[in-house]
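I have placed the structure first, in the form of structure tokens, so that the comments after it can refer back to it.
These values consider heavy atoms only, across backbone and side chains, with no hydrogens, waters or symmetry-generated copies.
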Amino acid sequence: MIQIEEKLISEDIFSEEFVCNLTRCKGACCVAGDVGAPLEKYETEILENIFDQVKPYLRPEGVAALEGQGTWTIDPHDGDYVTPMVNGEECAYVIFDDKGITKCGIEKAYEDGAVEWQKPISCHLYPIRVTEYSTFTALNYHEWEICNPACELGKELKVPVYKFLKTPITRKYGEEFYETLCEAAEEWDREFNPKKKGYL
């Protein structure tokens, strides 16, 4: 683990390579899983406030789920805030393009200027998962079989996770943190990268 301020960062974020490959995975991360996308407390209020602006971008099934369950809900397993789902399947905010690839209705509204909030930060940061503890924050790389195409493309393009996620990391923690993260990654690469050391 690498420590920057009160954050502990998994070295996998430096060593693993990842670039979303939507033509192959079809955005399966928005559909697979037992619950919707994780939300931070403040994001539940945002979702309530922007629903009327986002609603025209959503599918009828999504609108029905959100009007029936609310714009956010509680994960029954751990009590965390999450987005609602449609019939226990895809996120209620999901839309599909003509090729069957999932898109985020919130992000579409954002791109059109209808709202100023892009989407939940947990979605934007994936495959990094953030866990808050009482004295520190952990940033870990999350492995999921449905993202194998992203791992393959990342290796082909040689793009480590932290570089692929420059925009959301900066959105969450600011430019100064991202610059420090890059410096830490470069130092780790020189000193510890097992690929360069011939271990992998």
Side-chain angles (χ1 to χ4, degrees), residues 1-33 36-40 43 83 90-91 93-97 99-108 110-111 117-132 136-200:
M1 301 291 283
I2 305 295
Q3 183 168 359
I4 301 176
E5 300 168 348
E6 76 289 352
K7 302 171 187 66
L8 290 180
I9 300 143
S10 168
E11 294 177 15
D12 289 344
I13 291 170
F14 302 151
S15 63
E16 298 298 327
E17 294 162 321
F18 192 100
V19 174
C20 282
N21 191 346
L22 292 175
T23 58
R24 287 188 55 195
C25 75
K26 306 294 185 183
C29 60
C30 298
V31 176
L39 296 168
E40 298 191 11
E43 293 181 315
T83 59
E90 73 271 9
C91 172
Y93 293 99
V94 158
I95 57 178
F96 295 91
D97 69 12
K99 296 180 180 178
I101 296 174
T102 65
K103 305 288 184 181
C104 176
I106 302 169
E107 190 164 25
K108 178 60 178 171
Y110 171 82
E111 290 170 352
W117 187 65
Q118 189 169 355
K119 57 183 172 182
I121 192 63
S122 69
C123 303
H124 208 179
L125 276 172
Y126 197 79
I128 289 178
R129 282 294 191 216
V130 177
T131 306
E132 300 286 351
F136 67 93
T137 299
L139 279 68
N140 288 295
Y141 170 69
H142 183 254
E143 294 187 64
W144 200 357
E145 185 177 346
I146 63 174
C147 289
N148 285 346
C151 298
E152 293 167 6
L153 184 58
K155 287 181 173 63
E156 179 184 334
L157 300 177
K158 301 186 185 307
V159 178
V161 171
Y162 78 95
K163 287 188 176 179
F164 174 66
L165 295 177
K166 176 183 179 180
T167 298
I169 292 172
T170 302
R171 172 190 169 195
K172 173 70 173 172
Y173 296 114
E175 292 182 5
E176 184 176 348
F177 173 82
Y178 186 75
E179 290 173 3
T180 304
L181 182 68
C182 289
E183 292 170 2
E186 291 168 4
E187 182 176 350
W188 175 88
D189 189 58
R190 288 192 300 269
E191 298 294 330
F192 304 108
N193 190 340
K195 296 175 184 176
K196 291 191 173 181
K197 297 292 183 181
Y199 301 144
L200 294 177

Less than 4.5 Å apart, side chain to side chain, heavy atoms only: is that true for [X] and [Y]?
X: Glu17; Y: Cys151; answer: no
X: Pro38; Y: Val130; answer: no
X: Glu156; Y: Val19; answer: no

Without placing hydrogens or testing angles, list every side-chain donor-acceptor pair under 3.5 Å for residues 140-150, not counting sequence neighbours.
{"unit_1": "His142", "atom_1": "ND1", "unit_2": "Tyr126", "atom_2": "OH", "d": "2.5"}
{"unit_1": "Asn148", "atom_1": "ND2", "unit_2": "Glu145", "atom_2": "O", "d": "3.3"}

Pairing residues for [X] by the side-chain contact (heavy atoms from CB on, under 4.5 Å) criterion, not counting sequence neighbours:
X: Glu187; value: Arg190, Glu191
X: Tyr178; value: Tyr162, Lys163, Lys166, Ile169, Thr170, Leu181, Cys182
X: Lys172; value: Glu40, Ile121, Leu125

For this session: Check ring pair (Phe, Tyr, Trp, His ring centres under 6.0 Å) between Tyr110 and all other residues, then give those that pass, not counting sequence neighbours.
Result: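 For Tyr110, no residue satisfies ring pair (Phe, Tyr, Trp, His ring centres under 6.0 Å) once neighbours in sequence are set aside.
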Output the distance between atom [atom1] ([X]) and atom [atom2] ([Y]), rounded to the nearest 0.5 Å.
X: Leu165; Y: Arg171; atom1: CG; atom2: CZ; answer: 12.0 Å
X: Thr180; Y: Ile2; atom1: OG1; atom2: CD1; answer: 13.0 Å
X: Cys91; Y: Ile106; atom1: SG; atom2: CD1; answer: 6.5 Å
X: Leu22; Y: Lys99; atom1: CG; atom2: NZ; answer: 11.0 Å
X: Ile4; Y: Tyr173; atom1: CD1; atom2: OH; answer: 11.0 Å
X: Phe136; Y: Thr131; atom1: CZ; atom2: OG1; answer: 8.5 Å

For this session: Please report the shortest heavy-atom distance between Thr83 and Ala37, naming the atom on each side.
Result: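 The pair with the smallest heavy-atom distance is OG1-N, 2.8 Å.
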Problem set entry | Closest approach of Asn21 to Thr23 (non-hydrogen atoms, all atoms of both residues) |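 So the minimum-distance heavy-atom pair works out to OD1-OG1, 2.9 Å.
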Problem set entry | Over 12 non-hydrogen atoms of neighbours within 6.0 angstrom of CD in Glu176 |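 At most 12 heavy atoms, drawn from other residues, nucleotides or ligands, come within 6.0 Å of this atom.
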Exercise. If you draw a 6.0 Å radius around CD in Glu175, do more than 12 non-hydrogen atoms from other residues or ligands fall strictly inside?
Worked result: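 It does not: Glu175 CD has 12 such atoms or fewer within range.
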Exercise. Looking at residues at least two apart in the chain, or sitting in another chain, which of them share a side chain to side chain donor-acceptor pair (under 3.5 Å) with Glu107?
Worked result: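 Side chain to side chain donor-acceptor pair (under 3.5 Å) check on Glu107 returns Gln118, Lys119.
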Within the side chain of [X], is there an N or O that forms a donor-acceptor pair under 3.5 Å with the backbone of [Y]?
X: Thr137; Y: Lys7; value: no
X: Gln3; Y: Glu5; value: yes
X: Asp12; Y: Glu16; value: no

Problem set entry | Derivation of the side-chain contact (heavy atoms from CB on, under 4.5 Å) call for Lys108 and Ile95 | CA-CA 9 Å; Lys108 178 60 178 171; Ile95 57 178; 4.2 Å; yes
Problem set entry | Test side-chain contact (heavy atoms from CB on, under 4.5 Å) applied to Thr102 and Lys26, step by step | CA-CA 6 Å; Thr102 65; Lys26 306 294 185 183; 5.9 Å; no
